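Okay, structure first, notes after.
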Amino acid sequence: MNERVKIISRDGLQFVELPIGMTLAEGEWTARRQGAGVVLEPVAPRMSVPSLLALLATLEPLEEGIPDFVDLPPEEPDFAWPEPIAGR
């Protein structure tokens, strides 16, 4: 749905009058140019440690375990120069 909007300039700032059905949530947004237009995107709120812990407390434990693996020592590097190609 495209609707015409009005841009108002005041004291060096610009404002956009949005139609009622297109109002945006208050908060922090980023703006970037895309061609001749401007794209506004909401900034996701940062999760605090207490809210993260509360979220983690609501999760069920995982049924599967961690698979066994063999931790092999690293292989020795081969620092030998390759043999020259015959005829060069």
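Fair warning: this is a prediction, and the values are worked out from it, not measured in the lab.
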Quick one, Glu17 with Val5, criterion side-chain contact (heavy atoms from CB on, under 4.5 Å). Give me CA distance, side-chain angles, the key distance, then yes/no. CA-CA 6 Å; Glu17 286 186 354; Val5 297; 5.8 Å; no
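Thr23 contributes atom OG1, which lies 8.5 Å from atom CD1 of Ile20 (distance to the nearest 0.5 angstrom). How far CZ of Arg46 is from CG of Leu52: 14.0 Å, rounded to the nearest 0.5 Å.
The minimum heavy-atom distance between Arg4 and Pro19, with the atom names listed, is O-CG, 4.5 Å. A pairwise comparison of heavy atoms in Trp29 and Leu40 identifies CE3-C, 3.9 Å as the closest pair.
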For residues 6-15, which side-chain N or O atoms pair as donor and acceptor with protein atoms under 3.5 Å away, sequence neighbours left out?
residue	atom	partner	partner atom	Å
Ser9	OG	Gln14	NE2	3.4

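Under a cut-off of 6.0 angstrom, the local environment of CD in Glu41 is crowded, with over 12 non-hydrogen atoms contributed by other residues, nucleotides or ligands. Counting heavy atoms of neighbouring residues, nucleotides and ligands inside a 6.0 Å radius, atom CZ of Arg33 does not exceed 12 of them.
Taking hydrophobic clusters as Ile, Leu, Val, Met, Phe, Trp and Tyr residues chained together by side-chain heavy-atom distances below 4.5 Å, Leu53 does not share a cluster with Met47.
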